[in-house]
Amino acid sequence: MKNQADFISSISEYNKMTNHETLHPLVSVIDFSKSDPICQFRRIFGFYTVFLKDVVCGDMYYGKNSYDYQEGTLVFIAPGQEYGINNDGKYIQPAGFALMFHPDLIKGTNLGKNIGDYNFFSYDVHEALHLSEKEREIILDCFKNIRFELEHSIDKHSRSLIVNNIELFLNYCMRFYDRQFITRDHVNQGVIGRFEKLLDEYLISDRPKTIGFPMVNYFAEQLNLSANYFGDVMKKELGISAQEFIHNKLIEAAKKQISDPAKSISEISYDLGFKYPQHFTRLFKTKTGVSPSVYKALN
């Protein structure tokens, strides 16, 4: 059994593995129906990868969530991320499509500067994008246009046209994710409710003293979500970041403790997970307009 992930550094290496011709060393569109059967294994790519797969497929785990549509699923993988499952020795006939592009392709371009805005490259597999029939058609048209440019003789326009088409594709994906956040509002509300409960329990426990200041990553992990997906859910639903939500809760908890005359400001700051009282004072003043000591005197 193979447990260690293989590193695939180049697009030509993956093309060779799936029996596809390399039309460009930095970008590829793969139709898996034309591939030979492959063995499932864990791998780490040295490039950006987007898989368009059927919802029910053999080599990925999507969790037990209910999905909005069943017309296909997009999974986004950034360079250096691990993907797939352990090698079980079985060969399968892959299905669907893949878009792969190397960071060098977009270096110095508008897309290269803004690639960090596409948070879904840091989502977990079970946070994949589930497509409607019309959305799937749009995605396949984008792949078709990129493939057309790859099959065209390379000239001075090739790179910009390929990159522009990739950027258009990613912008469509951003729109479709916004739709998914809306259509899964009931699921997202449940996430926010669980987060608030976990945060409240955290703040009244000894964890701020033992673990430290409540961090977004900690709660995302407790909710079985990636930090980026969790942050995007918060922004879409509440209009503020998860960190700002935590800060607001901290100030609420601080106000209750400040009313206790037996507690000093320093003691309260340590109880809430701050390493240094001045950091607590700075946040409190930013949120309320007055320092903790002034608030204590006024109340």
Side-chain angles (χ1 to χ4, degrees), residues 6-36 38 43-54 71-84 94-123 128-129 131-179 228:
D6 289 348
F7 180 66
I8 301 174
S9 60
S10 69
I11 286 172
S12 59
E13 184 181 350
Y14 192 85
N15 284 339
K16 184 177 180 182
M17 187 180 74
T18 57
N19 195 29
H20 278 74
E21 181 184 0
T22 298
L23 300 174
H24 192 294
L26 299 179
V27 58
S28 182
V29 175
I30 290 175
D31 179 353
F32 284 112
S33 68
K34 299 176 182 176
S35 299
D36 294 333
I38 59 173
R43 57 264 200 194
I44 297 171
F45 298 118
F47 40 84
Y48 292 95
T49 308
V50 184
F51 289 109
L52 171 59
K53 309 190 75 101
D54 294 329
E71 302 301 328
T73 297
L74 284 174
V75 177
F76 301 83
I77 303 159
Q81 283 186 320
E82 189 172 310
Y83 165 80
F97 298 84
L99 167 65
M100 302 178 172
F101 60 97
H102 198 279
D104 288 349
L105 178 76
I106 61 175
K107 191 175 293 183
T109 67
N110 183 64
L111 177 57
K113 294 172 187 173
N114 299 316
I115 192 68
D117 294 341
Y118 301 99
N119 284 341
F120 41 74
F121 275 109
S122 299
Y123 289 175
L129 176 58
L131 302 173
S132 69
E133 185 176 353
K134 183 61 179 175
E135 289 168 351
R136 181 187 175 93
E137 289 175 8
I138 292 170
I139 295 305
L140 288 175
D141 280 344
C142 289
F143 285 178
K144 181 180 178 182
N145 291 338
I146 297 168
R147 180 79 185 186
F148 173 82
E149 288 301 327
L150 292 176
E151 292 173 344
H152 192 281
S153 299
I154 294 178
D155 56 32
K156 64 180 182 179
H157 304 288
S158 297
R159 183 185 181 220
S160 63
L161 286 169
I162 290 169
V163 171
N164 288 344
N165 274 291
I166 293 173
E167 187 171 20
L168 176 64
F169 160 72
L170 294 176
N171 287 336
Y172 271 121
C173 293
M174 192 173 282
R175 169 187 276 181
F176 298 157
Y177 255 118
D178 282 347
R179 183 273 307 156
N228 272 353

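What you see is a predicted model; the values in this text were computed from it and never measured.
- In this structure Asp117 satisfies the side-chain contact (heavy atoms from CB on, under 4.5 Å) test together with Asn114, sequence neighbours excluded.
- Ile115 is listed as a side-chain neighbour of Tyr48, based on a closest heavy-atom distance under 4.5 Å.
- Phe121 and Phe101 have perpendicular rings, their planes meeting at more than 60° on a 0 to 90° scale where under 30° would count as parallel.
- Checked against Leu23 for a side-chain contact (heavy atoms from CB on, under 4.5 Å), the options Ile11, Val29, Leu150 give a single hit: Leu150.
- Within the 6.0 Å centre-distance limit, the rings of Phe143 and Phe169 are counted as a close aromatic pair.
- Remark: side-chain polar atoms of His20 are paired, donor with acceptor, to backbone N or O of Asp31 under 3.5 angstrom.
- Aromatic pair Tyr177/Tyr123: centroids less than 6.0 angstrom apart.
- Sorted by first and then second residue, the salt bridge (charged side-chain N to carboxylate O under 4.0 Å, His left out) pairs with a member in residues 149-168 read Arg147-Glu151; sequence neighbours excluded.
- For Thr109 (side chain) and Gly112 (main-chain N/O), a donor-acceptor pair under 3.5 Å exists by modelled atom type.
- Taking the charged nitrogens against the carboxylate oxygens, Arg175 and Asp178 have no contact shorter than 4.0 Å, which rules out a salt bridge.
- A search for side-chain contact (heavy atoms from CB on, under 4.5 Å) contacts involving Asp36 returns Asn19, not counting sequence neighbours.
- The local environment of CZ in Phe7 is crowded, with over 12 non-hydrogen atoms from other residues, nucleotides or ligands closer than 6.0 Å.
- More than 12 heavy atoms of other residues, nucleotides or ligands lie within 6.0 Å of CZ in Phe32, so this atom counts as buried by the packing criterion.
- For the pair Lys144 and Phe97, the cation does not sit on the ring face, since its NZ or CZ is not both under 6.0 Å from the ring centre and inside 45° of the axis.
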